[in-house]
> 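Before I ask anything, here is the structure I am working with.
If you're wondering where the values come from, they're calculated on a predicted model, not measured in any experiment. Below, each value reflects all heavy atoms present in this structure, side chains not excepted, and no hydrogens, waters or symmetry copies.
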Amino acid sequence: MRFVSLLHFNKRSSTDRPLSPTTLLSPFTGRSLGILRHLVSERLPLQIHTSAPKMVSILCALRHHADEVSCCAFSPSLLATCSGDKTLRVYKTSDFSELPFSPLSGHGYGVHCCCFSSCGRYLLSCSTDGSTIVWAANTGEVAAVLLHPARSPLRACAIAPDSSLLLAGACDGTVALWDFPSKTLRRCSAVSEASVVACCFSPCGQMFVTGCTRGDLKLWDTDINLLHAEKDAHDLGVTCCSFAPQFKVDGCCVEFRLASCGQDSQLKIRIVSQREGAACVMTLLHTLTSQSAPVLSCAFSSDGELLVSGSVDKSVAIYDANLGTLLHTLKQHDRYVTAVALSPTMPWIATGSMDRTVNVWRIGDEVSGTATESRQTACRGRKLPGHSRLLVADWSEEDVQTWLCEEGLQELVSIFKDNNIDGAELSQLNKETAAELGIESVGLRGRLLRKTEALKAEQSGSDDPDEFLCPITRELMKDPVIAADGYSYERASIESWIRGKNKTSPMTNLLLQTTLLTPNRSLKMAITRWKSSQ
């Protein structure tokens, strides 16, 4: 029996449709198995098991998000991150500098998940606002906005390996499946009585798995027919799932490896197998328990040899995926580790946390001191010594000019210098004043305004107590009210949520027994006192 990786086949294609797998699976036929065996023997190199990495060292820390990081994703040349601050940020993996068009701001609420198409041409994101946005990865332009038919909040999204299908899991227990090339909805079907918070495609693209807050894992074909259900796969709920990029072919049997994690503080590896003409079977291979709190995220390396997970205990665990043995435990984050991702081309891991930081790690031998220092300087963002320690309004003219260079706006330095723009003027910048400065390019003005707003949001929101933030918008509440679920929200936000036919709690996903809202006067007074003390 041999490991096969469609990833290696895909890398040789210049498009996002490297392989049409319509005959590979569901159900397996003699012809489809023959195709798989042919790929093994003629077209795809065998994956060689490598020795355990000697060390894991941190390359850099990205601290640009104004709220918790919810997901990370690599393409061959980019790293994308998304956050409860409603934005995505995109970095070049050559030096981990942020691209000029970043951050991407198109969602109305927090962004829960992001992923790249297989060749990196598109970046996808889904949000509490019920939309999945398709971005052009090289420009940041919106290519499509795909709305869930019921506008239900979306918690997870995935794209098929050949970029033919796009999947999104929703809080109402449904999944929406789109034809990706045409951006048309194929089907929206109920797959669970609980919220769908995890989903992923098999490496052949002919099956996908969903995980829900009730704890079940379910395997489906692309017509959303149930192939197998694993009840109570994780006690208290599934949080993430991920297929290894490889599969095995042995005679008339095909096997995949599936990792899942959950609120039970466990990470599990299962074998998903199917024989020709038979039903799919899930067999538990490993149960990994090195983390002491709920495990929130998991991902395989591109060669399938490593499995990485992030936990509420603030740790990142790295395992040998074949043996199920713990190789490393990383403890660099200050709060829950909510996201992990591995580069398809380099020995890198990205980890995101509620501490608003994305750490990038190198697996293996340490890079040279010069290279490390260069990357760390590029990646520290606004934590560099000097102007970053001050509020924007206190920046000098030189601080502002340095910031422009850091954000890729060097062409504006002379204009700002001629007009003696310091931090106080920068903090008051708007469309009208930007035009008065003589910035003729509409695109350049737009980039400047986006960067300025993101900077102000980062500094103004960096110290806001979490209990003063609305759970929906993650913004400081002005008129907090208590809903039937016992949580406090900004009045306008929860009223908009309810008007949008969301009759479930944004926090618990349970049905709200009443839409009555009660003013939280004590919380409002506490927020007022806190603001006056700042």
> Take atom CD of Glu193 as the centre, draw a 6.0 Å sphere, and report whether it contains more than 12 heavy atoms from other residues, nucleotides or ligands.
no
> For a quick test of reading the model, state the closest non-hydrogen atom pair linking Lys451 to Leu99 and the distance between them.
NZ-O, 3.6 Å
> Is the shortest heavy-atom distance from the side chain of Ser131 to the side chain of His107 under 4.5 Å?
yes
> Show, in sequence, the C-alpha distance, side-chain angles and deciding distance for Leu426 and Thr452, and conclude whether the side-chain contact (heavy atoms from CB on, under 4.5 Å) test is met.
CA-CA 7 Å; Leu426 180 64; Thr452 305; 3.9 Å; yes
> When you measure from the side chain of Ser83 to the backbone N and O of Glu68, does any donor-acceptor pair fall under 3.5 Å?
yes
> Looking at CZ of Arg63 and CG of Asn359, how far apart are the two atoms once the value is rounded to the nearest 0.5 Å?
7.5 Å
> Does some side-chain heavy atom of Tyr122 sit less than 4.5 Å from a side-chain heavy atom of Ser163?
no
> Is there a side-chain contact (heavy atoms from CB on, under 4.5 Å) between Tyr319 and Leu267 once you walk through the steps?
CA-CA 10 Å; Tyr319 299 93; Leu267 175 64; 3.5 Å; yes
> Is it the case that the side chains of Asp235 and Gln263 hold a donor-acceptor pair, with the cut-off being a distance below 3.5 Å and no angle test?
no
> Under 3.5 Å, is there a donor on one side chain and an acceptor on the other for Thr402 and Asp399?
no
> What is the ring orientation for Phe208 with Trp220, classed by angle as parallel under 30°, tilted 30 to 60°, or perpendicular over 60°?
parallel
> Salt bridge check: are Lys86 and Glu475 linked by an N-O gap of less than 4.0 Å?
yes
> Aromatic rings Phe74 and Phe96: how do their planes relate, parallel, tilted or perpendicular, breaks at 30° and 60°?
perpendicular
> Within the structure provided, determine whether Pro153 and Trp497 are in side-chain contact (heavy-atom separation under 4.5 Å).
yes
> Which heavy atom of Cys72 sits nearest to which heavy atom of Leu79, and what is that distance?
CB-CD1, 4.4 Å
> CZ of Phe300: more than 12 outside heavy atoms within 6.0 angstrom?
yes
> Can you check whether Met207's main-chain N or O pairs, donor with acceptor, with Ser202's side chain at less than 3.5 Å?
yes
> Please round to the nearest 0.5 Å and tell me the distance separating atom CG of Leu219 and atom CG of Leu217.
9.5 Å
> Just by modelled atom types, is the Ser77 backbone N or O under 3.5 Å from a matching donor or acceptor in the Thr93 side chain?
yes
> Would you tell me whether Arg356 and His65 have side-chain atoms, one donor and one acceptor, within less than 3.5 Å of each other?
no
> Tell me if the centroids of the rings in His64 and Tyr91 come within less than 6.0 Å of each other.
yes
> Taking atom NE2 of His234 and atom SG of Cys241, what is their separation to the nearest 0.5 Å?
9.0 Å
> Measure the CG-CZ distance between Leu166 and Phe201 for me, rounded to the nearest 0.5 Å.
7.5 Å
> Check the pair Val295 / Gln266 against side-chain contact (heavy atoms from CB on, under 4.5 Å), numbers first and verdict last.
CA-CA 6 Å; Val295 184; Gln266 295 182 346; 6.0 Å; no
> Where is the tightest heavy-atom contact between His333 and Ser353, given as atom of each residue plus distance?
ND1-CB, 3.2 Å
